[in-house]
K.L.:
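Have a look at this one before I ask anything.
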Amino acid sequence: METVTLTIDGRPVTVDKGKTVLQAAIESGISVPYYCYHPGLGVDGSCRVCIVKIEKMPKLQTSCSTTCADGMVVTTRDEDVVKARAGIFEFLLVNHPLDCPVCDKGGECPLQDFSYAFGPAESRMDFPRRVFDGEGVKADVDFGPTLMLNRNRCILCTRCVRFMREVEGDAQIGIVDRGNGSEIATFREEGVHSLLSGNLMDVCPVGAITTRDYRFKSRPWDNPNVVDTICTRCSKGCSTSAWLKAKPEWARGSQLIRMTPRYNPAVNDYWMCDIGRFGYHWIEGEQRLRRPMVRRGSALESCAWHDVLPKVREQIQQAGTADPSSVRFLVSAHAATEELFVLRQTIDGLMGADARGSVSLTWARSEKTQPAGTRFVVPATDAPNVRGAHDLGFAVGAGHDGAPDLGALRAAVEGGRVRVLYVIDPGPDGSLGDVAWVAAARRAGTLPFLVVQGVVRHDLVEAADVVLPGATSTEKDALYTNDQGMVQPSSRAILPPGEAQEDWRILVSVARALGLSLSYDSSDAVRVALAAAMPGTAYAGAGAVTFSRPIPSRNWLQASNPSERWKWDFMFQDLPPVKGHSVQMEGVPVKDIIPLKPTQA
Amino acid sequence: MSFHPHMEYAPARFHKSERVLADDGETFAYTPERQQAFDEVVTRYPADRRKSAVLFALYLVQQQQGYVSGASMRFVASQIGCSTADVEDVATYYTMFYRHPVGTYVLNVCRTLSCALLGAERVVEQISAALGIKPGETDPSGMFTLIEVECLGACDRAPVVMVNDDWHERLAPEQVPAFLDGLRTRGAAALTGCHLHVEEK
């Protein structure tokens, strides 16, 4: 790659040719504020706060729209720049309501942070502020099914407009009117209807666009912990962050407070879809399975793990002795690679590798409605690990491009040839696809015994003889292989509820009960064995994969802001938070800022 | 779609903006001649820049029904293959596209410096008094709409009023009643815009 070398603030900086001055400054850790620039969107140059002085150029230039050239001499802290920049901040705040105490963005807002660092101490404006839909709570208006819009807070950076145009593919947002009356709007106030709408909250550098899901639920300083996870709602496998609330009693006992995308250029860039972002409430919902259950008459009753395992063993052994092919497994592709590996070992150990056909993989599919030109395609397969199951040697029919093939299993179940069906489903309700026929067969008696190892109390659980509570993807360290074949680690954010256990552990317990000597004591041990069993594949490194734990964000003011977090994670790591200094106040003695009274010691 | 376990979101009209939207208008389609004109003009742009014809498409709409309605913006969007928000963006940016029905004669009174110095404010007052309307409104007979605009580029003949697409120049406040009567009786022929008389001279 060709590079160019320029000087920024007296420091030589070498960057790839074609980068802008702003990108060069960010890469070399020089703080230049910006709003309209977003690394995932096209350049606009509308907010003006990234202005710098470039030698031999007649006026101050917007660094986001100036391409680096060899020998360029750039100053970002010159007196002219500081003064002009402060003037722009004064203008940006002319109509901004400054309702930070009640604004969802407060505490993780670039407008707050940069205004403190680069703006003037106070505004000289004494006109009333421009108001669009009303003051206070009236300013928050409907912006489609997922979002709320507050036009009073908007600074017209047009990131949302460009996101819809460039990434989403359907330009539903525009700037209507002109001049002082300009406002972001959808056609006739119809609102944003998009599968990617949550990203608009991420890109918005102020509190103008907020999500209904997170609205008024928490403040950034109340959810300081964050875990790197992988979204398991489809086969794309987006990198995500699970945010944990410090005081869950404020959020109805739940700890998960929001999901945001995590920058991953190979999979999802800066984005994620609304299904993964908003569809997490079930994880800590009331339908979760917390204790093992067995059927007594028409009802399911809670019991202990040590009582339920012998029952499973008894049924599997009876059926297996009579006819090995009458024990079948129906596994959701939400099962992580570790679980599939333990299951494979169990089957190989008990019945031999030829019996792997007794496992049928299943998943749900739903065609997503997206505009033709979208740059972020959400796949139709609603499960994270179809490819992983395929890699482990299980039959997955047409793979992640098609529907699961359950015809043979269904014929066997409905023909009465299956005596024990063991269902593994660590996904949300519906992740098994259409399996009403299983429940029907059990109720009709054609299927004598049904074991469900699951997480949510759904219809199949109601029909089961034994229910084993497992863990969702956010409750275990696990590997998932996405549709590109990338093996991705998803870290544990919270613990499984009640007596629920991680699924690999349940499978190990079942295998031991059946007489196999599996000696895993942690999911790490499973991964080490997996790596040893599959040398030369993408899983060869599985034993050395590291998982993150909930960690406090160091610079929570910035790092917790989903739209800006990439910057702090990848570029500004060594710098103190922006609030640590103010350009205007550098070198000013404290006593000149805070009027200190002399005291008698 | 509800994201909160205890709250229904989607069907409820939850926190709708209280602003009053312009009427959506009746279903819109170009007349055959205008459709033909549009089809001809879009061929002047590269196929991937069809959007560039949006101004011309909106002018055709305004020619046909006098103003740009929601329904017509939807029609234009479908014709040029862009989103409805894109069309609304353009239609609201340019002040010469009307978002509400207007009268037969739209009186655009210039209020910028030269005209203001020569009494444009009083011209507006006189028109308002004569028709009983405020700037931005249409009189009950549906004949006149009064709008204040910025410089019309005829400072040497101030105060100037643009009636639809033509100037009426040197309109002293006291001439307003005669000017309105002229429009009522003689129509556009009553206008004094110099560009209307170039050929005569």
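Residue numbers begin at 1 in each chain, while the letters A, B, ... track the order of the sequences. Only a predicted model underlies this, so the values are computations on that prediction, with no experimental measurement involved.
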K.L.:
Got a sec: does the CG of B:D166 have more than 12 other heavy atoms crowding it under 6.0 Å?
P.N.:
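It does: B:D166 CG has more than 12 such atoms within range.
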
K.L.:
Check this for me: B:E121, atom CD, are more than 12 non-hydrogen atoms of other residues, nucleotides or ligands nearer than 6.0 Å?
P.N.:
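No.
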
K.L.:
As an exercise: rank A:Q172, A:R178, A:E190 by heavy-atom pairs under 4.5 Å with chain B and give me the winner.
P.N.:
A:R178

K.L.:
Where on A:E183 is there a heavy atom nearer than 4.5 Å to chain B: the side chain, the backbone, both, or neither?
P.N.:
side chain

K.L.:
Go through the atoms of A:F143 and report whether side chain, backbone, both or neither lie under 4.5 Å from a heavy atom of chain B.
P.N.:
neither

K.L.:
Atom SG of B:C82 and atom NZ of B:K51: how far apart are they, to the nearest 0.5 Å?
P.N.:
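Going from SG on B:C82 over to NZ on B:K51, the span is 6.0 Å.
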
K.L.:
Around atom CZ of B:R49, are there more than 12 heavy atoms from other residues, nucleotides or ligands closer than 6.0 Å?
P.N.:
no

K.L.:
What option among A:L149, A:D133, A:T186 has the most heavy-atom pairs under 4.5 Å with chain B?
P.N.:
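Ranked by contacts with chain B, first place is A:D133.
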
